[in-house]
Amino acid sequence: MTFSGTLLTDLNAPLLGVNIDHVATVRNARGGVFPDPVRAAMLAVEAGADIITFHLREDRRHIRDEDVVRLKQQVPVPINFEAAVTDEMLDIIERTRPEHVCLVPERRQEVTTEGGLDVAGQFDRMAAACARLAAAGSRVSLFIGADPMQIEASARAGAPCVELHTGALANAWWAGDQVALQHELARLREGVRIGRSLGLRTHAGHGLALSSDLPDGRDPSEPSSTAIVAALPDVSELHIGHALIGRAVFVGLRQAIADFKGEAIRARTA
Ligand SMILES: CC(=O)[C@@H](O)[C@H](O)COP(=O)(O)O
Ligand SMILES: NCC(=O)COP(=O)(O)O
């Protein structure tokens, strides 16, 4: 069954941002044009993605500049442009004018985004970036850990949204470490509560997955990391990429999106 974005919104479940970075990772492995992340984005929208998310990294390891241009031209739902807070990226975002921007920390050596922005420690730079991108017409979100000091600094910096990094929760879930999972969930829950109290729209993402993709020996009926996070009532968007594109290898992209959306709806309505 394919769920539409309207249905998901009606049921008050979080919107699903489908991150298509890792379609580009596969393409770039051979240096050609296939598989095309823009084609994946269009299919994702047909299958019910509410938002298309992508991360233009400074090293262009997956999404490239020409993808960004085509995504902006062709995708009929909001695009969520993730980027580091550098002059180069801010210039590209201003030229592109995406509906949504998510500013993220970036280290060239990292395999994936390891932590959140230090908004409190780099306050002036973050506040200036928020103001500049808001003036360019984009809704800005700051990708941070569920740390009260960073959430409060994000609100002061003028960001209307934060995306709370769920990587540690997702890693604990994959590892089957219930103690760490409950610890991370408590932090996330508190972060969402603080975000709400400060009037921030609160999103979540990184590493979220489904239990049917757990390795042999694990119980596929245990709650998924996606369901655990989607169940938090004030999380308004989930951004999911790696595990969704990975699942698509086995079930197809359309089905993978339906599965993640269905999981979010069930978690919110259970
Ligand atoms: C910011 C974030 O959490 C994701 O967009 C992630 O960065 C995807 O790209 P990578 O896997 O290259 O980190
Ligand atoms: N901001 C998180 C995101 O877009 C997707 O992260 P992941 O699911 O690829 O880890």
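Whatever order the structure lists them in is the order used to number ligands and atoms, beginning at 1. Owing to the predicted nature of the structure, the values given are computational and were not obtained by experimental measurement.
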- May I ask you to check whether N19 has an N/O atom sitting below 3.5 Å from an N/O atom of ligand 2? yes
- Item | Nearest-neighbour protein heavy atom for atom 6 (O) of ligand 2, which is reported as residue plus atom name and distance | H206 CA, 3.7 Å
- Note on the structure: Of all protein heavy atoms, the one nearest atom 9 (O) of ligand 2 is H242 N, 2.8 Å
- Query: Looking at T53, which atoms of ligand 2 are within less than 4.0 Å of one of its heavy atoms?
  - Reply: 4 (O)
- Message: For the CZ atom of R218 and the CH2 atom of W174, what is their distance to the nearest 0.5 Å?
- Response: 8.5 Å
- Note on the structure: Closest heavy-atom pair, P78 versus D50, reported as atoms and distance to 0.1 Å, is CD-O, 3.6 Å
- For ligand 2, which atoms, with element, lie under 4.0 Å from some heavy atom of E163? 1 (N), 2 (C)
- Item | Shell of residues surrounding ligand 1, defined by a 4.0 angstrom heavy-atom cut-off that is strict | N19, D21, H22, H55, R57, H62, E82, V104, T112, T113, F143, H206
- Item | Ion pair E82/R57, N-O distance below 4.0 Å | no
- Query: How long is the span from the NE2 atom in H62 to the OG1 atom in T25, to the nearest 0.5 Å?
  - Reply: 5.0 Å
- Query: For ligand 2, which part of H55 has a heavy atom less than 4.0 Å away: the side chain, the backbone, both, or neither?
  - Reply: neither
- Query: Does any non-hydrogen side-chain atom of E163 lie less than 4.5 Å from one of I144?
  - Reply: no
- Does the side chain of V162 come within less than 4.5 Å of L198's, by heavy atoms? no
- Check whether the ring centres of H165 and F143 lie less than 6.0 Å apart, and answer yes or no. yes
- Query: Going by heavy atoms in the side chains, are I20 and L71 under 4.5 Å from each other?
  - Reply: yes
- Measuring from L208:CG to E263:CD, what's the distance to the nearest 0.5 Å? 10.5 Å
- Item | R156 NZ/CZ over F123 ring centroid, <6.0 Å and within 45° of normal | yes
- Query: Is there any N or O on E82 that sits under 3.5 Å from an N or O of ligand 2?
  - Reply: yes
- Item | From G246, G241, S141, A243 - option closest to atom 8 (O) of ligand 2 by heavy atom | G241
- ligand 2 N/O within reach of G207 N/O, cut-off under 3.5 Å: yes
